[in-house]
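Please read these numbers as outputs of a predicted model, since none were measured by experiment. Indexing begins at 1, ligand by ligand and atom by atom, following the structure's order.
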Amino acid sequence: MVLSLLNYLVFGFKKLILFDKLVVVTGASSGIGLEITKELAKKGSKVILIARNENKLKEIIENIKIEYGNNQCYYISADLSKEEDLNNCLKEIGKISNDNGQYVEILVNCAGAGNWKFIEETSFKECNDMMSLPYFAAFNMTRLLLEPMLLHGEGTIVNINSPVSVNVWGGCIGYACSRWALKGFTECLRIDLRGTGVNVLEVIPGETKSEYFQHNGIGDDSFPLLSKFVPKVTVDQVAKGTIKAIENRKQKLILPLMLNVAKYFAFFPFSILLKYLLLSEKSRNRLIEIKLKQQQFKLKQQQFHNINNNKQE
Ligand SMILES: NC(=O)c1ccc[n+]([C@@H]2O[C@H](COP(=O)([O-])OP(=O)(O)OC[C@H]3O[C@@H](n4cnc5c(N)ncnc54)[C@H](OP(=O)(O)O)[C@@H]3O)[C@@H](O)[C@H]2O)c1
């Protein structure tokens, strides 16, 4: 409240009006992206929904018409890990922009996927796929839609990231690297866009009740122990928080509040406790397995040496 007032007095701060704005949301067919889409549609934005599942997107558009009376939402079915589909998205968005006489003023990069695996379980393809989404998709969508925002001196890029980009936990190396790449992208973009009128907002939701974990085959034993102590958030809370942050031209949103505290635990003596809390049941079991294999290997080596020594004698 006080900060908003100060902002207003010093910078002539004006809330961003979402009504009638042309907005692109990737990953709009489910979870966080879907809920952000609904909130935007409620506010009267013209939303372009992007995801692969065409039937789901059609159904969502129909429901938006019925529930919010918003007839100006569109969908593009695309696999954002494919260059051809990305270029097709640009063409389709260009057509929608021309028809409406508007440019895309807000881009929400929310499409994401990726299993939580150890490096030895990850194939070449899985490693590349995890970089494709969310990182490459966010990079390329921004690259393709930025120019008109720069020309108009007004725009918002929203990147949905994960708490793993703040504190890594065990057993999700490919997933974590892609989110750290997204974090680097977000921070570089913010520096490059300073003073242009285009805002970069990073949203970091904690564990959110969505279908992400079923979609990506992540079991309960993969969650770090710490997750038991941090309250889960709902897609509704993340979406409402994101909309408010866009309207208020914020740069960062971390949910729930307790996750903001986690970074202070990175210092001694809490860092020792934190390292333990960031291990999952799967990580602890893997360490036991590795230790057992090491012991068996040592024993075999010992037996081999004994046999060799006996032969020499
Ligand atoms: N759930 C959480 O606890 C949580 C917490 C923090 C951050 N996040 C991050 O938020 C993002 C969204 O998560 P969510 O919980 O909303 O998951 P979700 O329900 O699985 O939604 C993922 C969305 O991405 C789309 N998508 C996946 N692969 C795609 C591709 N190749 N091309 C285009 N679209 C694709 C999916 O649609 P189609 O399958 O139709 O393509 C879907 O709309 C992820 O990056 C996740 O890491 C999630």
If you measure from OG on S162 to CH2 on W169, what distance do you get to the nearest 0.5 Å?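 Here the rounded value is 4.0 Å.
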
Show which residues join I119 in its hydrophobic cluster (side-chain heavy-atom contacts under 4.5 Å, direct or indirect), or state none.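 Joined to I119, directly or through intermediates: I173.
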
Are the side chain of S77 and the backbone of N53 linked by a donor-acceptor contact shorter than 3.5 Å? no

Counting only N and O atoms by type, is there a donor-acceptor contact under 3.5 Å from the side chain of Y212 to the main-chain atoms of G114?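 Yes.
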
Would you call R286-E289 a salt bridge at under 4.0 Å N-O?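 No, this pair does not count.
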
Any Lys/Arg nitrogen of E154 or K21 sitting under 4.0 Å from an Asp/Glu carboxylate oxygen of the other?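 Looking at K21 together with E154, the answer is no, because their closest N to O distance does not fall below 4.0 Å.
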
Pocket residues of ligand 1, ordered first by chain and then by residue number (heavy-atom cut-off under 4.0 Å): G27, A28, S29, S30, G31, I32, A51, R52, N53, A78, D79, L80, C110, A111, G112, L133, I160, N161, S162, P163, Y175, R179, P205, G206, E207, T208, S210, Y212, F213, H215

